[in-house]
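Residue numbers start from 1 in every chain, and the chains themselves are labelled A, B, ... in the order their sequence lines are given, proteins ahead of strands.
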Protein chains: 2
Amino acid sequence: MAKRVSHKESLCGVARPLDAIGDWWSLLIVRDAFDGLRRFGEFQKSLGLAKNILSARLRNLLAHGIIETVPAPDGGPYQEYVLTEKGRGLFPLLVALRQWGEDFFFEPDEAHVLLVDKKAGLPVRRLELRAQDGRIVGAKDTFVRLPPTSPETE
Amino acid sequence: MAKRVSHKESLCGVARPLDAIGDWWSLLIVRDAFDGLRRFGEFQKSLGLAKNILSARLRNLLAHGIIETVPAPDGGPYQEYVLTEKGRGLFPLLVALRQWGEDFFFEPDEAHVLLVDKKAGLPVRRLELRAQDGRIVGAKDTFVRLPPTSPETE
DNA sequence: GAGGGTGGTTTTAGTTTGAAACCAACGTCT
DNA sequence: AGACGTTGGTTTCAAACTAAAACCACCCTC
């Protein structure tokens with residue numbers, strides 16, 4: 001992992017995360033972790049990927065502090081993989097990915113799973129991006145700006 | 001592209017999008033497109049990637065209907081690449097990625113670009129996921145559920 | 001103490017990536 | 001007209017990465 005970070009040492013706020021989870025499997029592992037999976041074998045069975053790849057991905061996610069190992073689940077000799085706070089911070093991204101997928105990758109009549117609010121038992125709303133005053137804003141309503149002093153590249 | 005879609009023909013709502021944009025560069029291209037870049041050379045200069053790779057990525061994004069080519073910008077003999085509606089639908093995902101990056105990939109004092117609401121000139125709020133009744137919900141407050149009838153795998 | 005489940009690592013082949021070179025079309029200067 | 005630069009790619013080829021399968025080690029049970 002740790003792909004070419006060559007031409008720009010200080011990656012922008014979009015590129016840095018991609019260096020950590022920018023491959024096909026990592027996000028699926030994180031999603032499964034959100035779904036409660038914890039064990040190597042559970043991930044492997046759920047995702048159907050080769051064990052060496054899963055091993056490498058888990059190592060990478062560990063190295064990035066997205067998951068961590070907890071030594072013993074309930075006495076068993078094995079470790080489990082659980083999301084860190086950083087990993088749990090990926091929830092909105094997963095929701096965004098899921099909603100985009102639902103919008104554009106399914107036939108109108110094609111059934112797909114729904115993200116449901118536990119308390120009400122109803123599907124959640126769409127992700128909302130709001131301005132400080134509460135207006136919902138889209139891409140056209142925003143731009144990126146460097147803060148006062150910044151050698152940042154974006 | 002079109003990686004292993006072998007062991008499951010009908011990918012879930014998270015995996016399908018990853019098949020379209022689940023590589024390091026594609027999302028960065030889309031972000032640059034949101035920033036107004038349109039020309040091959042602009043993307044290449046901005047991202048610093050090899051031209052063959054850019055060519056392949058653009059082809060892939062075209063094939064997935066995320067960008068499209070428009071024949072002439074203003075008479076020039078070249079084409080430009082612009083986001084389709086599907087591509088513009090990636091905006092929340094990019095915001096989620098950016099916010100996660102800001103949260104966990106920058107030192108507290110490290111400067112980074114901000115996403116600013118044009119109208120007010122202030123940074124936008126965090127992405128919000130709300131239940132139907134307006135409560136903001138997080139990962140712990142939700143679960144995924146299959147709709148009534150569904151052979152979907154997730 | 002043989003067999004089976006879990007959690008990996010190693011081996012090896014196939015695929016992808018990417019830098020550099022090449023190429024073609026067009027504009028432009030002289 | 002013809003040399004030359006710019007744009008937008010494609011081709012070549014070596015290096016890196018991916019992944020299937022085999023292997024291994026540990027523990028448990030019978």
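- Atom CG in A:Leu54 sits about 16 Å away from atom C1' in D:dA21, given to the nearest Å.
- Heavy-atom neighbours of A:Glu85 CD from other residues, nucleotides or ligands within 6.0 Å: at or below the threshold of 12.
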Note to self: Working note: A:Arg39 + A:Asp32, criterion salt bridge (Lys or Arg N to Asp or Glu O under 4.0 Å); need CA distance, chi angles, decisive distance, verdict.
What the structure shows: CA-CA 10 Å; A:Arg39 300 283 288 261; A:Asp32 274 357; over 6 Å; no

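- Annotation: of the two residues near DNA chain D, B:Asn52 and B:Glu42, the 5′-most nearest-nucleotide partner is B:Glu42.
- Between B:Gln79 and D:dG9 there is a side-chain N or O to OP1 or OP2 distance below 4.0 Å.
- The side chain of A:Arg59 lies closest to C:dT9, out of C:dT9, D:dG9, D:dA19.
- In this entry the distance linking NZ of A:Lys45 with P of C:dG5 reads 13 Å, nearest Å.
- Across all strands shown, B:Tyr81 has heavy atoms under 4.0 Å from sugar-phosphate atoms exclusively, and none from any base.
- Atom CH2 of B:Trp24 is separated from atom CG of B:Leu49 by 9.5 Å, given to the nearest 0.5 angstrom.
- Of the candidates C:dT9, C:dT17, D:dG8, C:dT17 carries the atom nearest the B:Ile53 side chain, counting heavy atoms from C-beta on.
- Distance, A:Asn60 CG to D:dA19 P: 13 Å, rounded to whole Å.
- If you measure from atom CZ of B:Phe40 to atom P of D:dT7, you get 12 Å, rounded to the nearest angstrom.
- Put simply, B:Trp24 has no side-chain N or O that comes within less than 4.0 Å of OP1 or OP2 on C:dT17.
- B:Gln44 places its CD atom 11 Å from the P atom of D:dG9, with the value rounded to the nearest Å.
- We find that CZ of B:Arg39 is positioned 18 Å from P of C:dA25, with the value rounded to whole Å.
- If you measure from atom CG of A:Leu47 to atom P of D:dT18, you get 16 Å, rounded to the nearest angstrom.
- Within the model, atoms CZ of B:Arg59 and CD1 of B:Ile67 stand 11.0 Å from one another, a figure rounded to the nearest 0.5 Å.
- For B:Ser55, the side-chain atoms get nearest to D:dG9 when compared with the rest of C:dT9, D:dT18, D:dG9.
- Using bins of under 30°, 30° to 60° and over 60° for the plane-to-plane angle, the ring pair A:Tyr81/A:Phe43 lands in the perpendicular bin.
- Distance CD (B:Glu80) to P (D:dG9): 11 Å, rounded to an integer number of Å.
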